[in-house]
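Numbers restart at 1 for each chain; the letters A, B, ... are given by sequence-line order, proteins then strands. Model, not experiment: these values are computed from the prediction.
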Number of protein chains: 2
Amino acid sequence: MNTKRDQILDTALKLFVNNGFHATPTSKIAKDAGVATGTLFHYFKTKEELINTLYLETKDNLTNSLLENVNVQETLKAKFRQVFFNYIFWAVDHPNHQQFYTSYSNSPFITNLTKEHGLQRFQFIYELIEKGQDEDILKAVPIDLLVEAMQGLLNGIIKHLMENPEKMNEEKYQNDAFKLFWDTIKG
Amino acid sequence: MNTKRDQILDTALKLFVNNGFHATPTSKIAKDAGVATGTLFHYFKTKEELINTLYLETKDNLTNSLLENVNVQETLKAKFRQVFFNYIFWAVDHPNHQQFYTSYSNSPFITNLTKEHGLQRFQFIYELIEKGQDEDILKAVPIDLLVEAMQGLLNGIIKHLMENPEKMNEEKYQNDAFKLFWDTIKG
DNA sequence: TTTTGAATCGACTAATCAGTCTACAAATCT
DNA sequence: AGATTTGTAGACTGATTAGTCGATTCAAAA
């Protein structure tokens, strides 16, 4: 249900990633999605609202994935390992969403309001890090710095993986990649 | 000399960073730069050529800065330290260029040709890494992975620094930041 | 001095875009 | 059933955009 709405969202995502916002007219989104422009504007009042919706739904989707299979009883390192691979597998499974998210999370198109709204959802990562710092497992540097560093590093690794998808299933590669990550944050 | 051309480039950079490509008409660039649209198109055949020029000149500027004061006689770690801070200080000194570069280096606006052309200039970084791997100083992981990881991490650190510019001159912060970087790549 | 071509200007145009309007059909409610 | 809301369509419009064109200025070469 709500198939038209979803078709519009899916099509817009693809077009935005491949051509950018400005080269993607609403008329083309509607046409490729197989609906009329009236329908598009029925679901989204403006083009900007469509973009923001796309961004928020993508972020929700990612955030939910990050938490999967994170076992409370495991060590902190094991938890980070799980989150790390959740992120990576999500990116590989949803390449368009991943590219959309990294390309546009710093874009002036994504309004400040939207950014803030999205930010709060990473709360549990912050808690994980704080705990790690208290226990002297992670580096005692400003937490915001650590978060940005992690996110940047992850982006780099994912970028590499996107260009070398065959590595994804090599165990050695996986261990290497996580070692980069863990060495960065561990104290 | 060529002041008009430079005015156009400077103005375009500012507008692109603050408003994005699509919300920045050539007419506004010309107006803000204090020239006529005809003049803009005299120097740049198309808007896209203007964008690509901006990207390439920015990349040149960055690349040149990276090499400054890298002393051949120093240890590998010291060389990396120098490059690391060259990047960071460049970013702080040229915030608009920095934001333009990171925001748009993955953008569909930057044509593939331009990307490739720009890529070759990081040659010396690759050589530095290879040497480090041969000497068992750096991690023995695929070199492209290491490069992407470094770049991602650096982006994250810079992003944090942009939001906390007062930290820039704290020695502790500098050491913390470089430690993140070095721990990531060292073997 | 004369000639030439680059630099500059801004009015203009053809194309395109975001969003509107009207109409009708399907679903949901009373 | 009848009434009201929601979904869908696509032609249309007013505004905006990238890029053009012919006129003018200016500096340097011949």
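Rounded to a whole Å, the CZ atom of Phe41(A) is 7 Å from the P atom of dA18(C). In this structure, Ile8(B) atom CD1 and dC9(C) atom C1' are separated by 12 Å, rounded to whole Å. Spacing between atom CD1 of Ile29(A) and atom C1' of dG19(C) amounts to 13 Å, rounded to whole angstrom units. As a whole-Å value, the separation of Lys31(B) NZ from dC9(C) C1' is 16 Å. Put simply, NE2 on His42(B) is 16 Å from P on dG10(C), counting in whole angstrom units. Residue Leu15(A) contributes atom CG, which lies 12 Å from atom P of dC17(C) at whole-angstrom precision. Whole-Å rounding puts the Tyr43(A) OH to dG19(C) P distance at 18 Å.
In this structure, Arg5(A) fails the cation-pi test against Tyr43(A), since its NZ or CZ atom is not both closer than 6.0 Å to the six-membered ring centre and inside 45 degrees of the ring normal.
Residue Phe84(A) forms a ring pair (Phe, Tyr, Trp, His ring centres under 6.0 Å) with just one option from Phe178(A), Trp90(A), Phe89(A), and that option is Phe178(A). Asn69(B) pairs with exactly one of Lys79(B), Gln82(B), Glu74(B) by the side chain to side chain contact (heavy atoms under 4.5 Å, CB included) rule, that one being Gln82(B).
At a cut-off of 3.5 angstrom, counting only N and O atoms as typed in the model, there is a donor on one side and an acceptor on the other between the side-chain of Thr37(B) and the base of dA11(C).
For the OP1/OP2 pair of dA18(C) and a distance below 4.0 Å, the side-chain nitrogens and oxygens of Thr26(A) include at least one atom meeting the criterion.
Where DNA chain D meets chain B (any atom under 4.0 Å from a heavy atom), the bounding nucleotides read 5' to 3' are dT17(D) to dT20(D).
Residues Asp32(B) and Lys14(B) are not paired through a salt bridge, judged by the lack of any N-O separation under 4.0 Å between the basic side chain and the carboxylate.
More than 12 heavy atoms of other shown residues, nucleotides or ligands fall within 6.0 angstrom of atom CD in Glu135(A).
Distance check, rounded to the nearest 0.5 Å: CE of Met150(A) to CG of Leu138(A) gives 8.5 Å.
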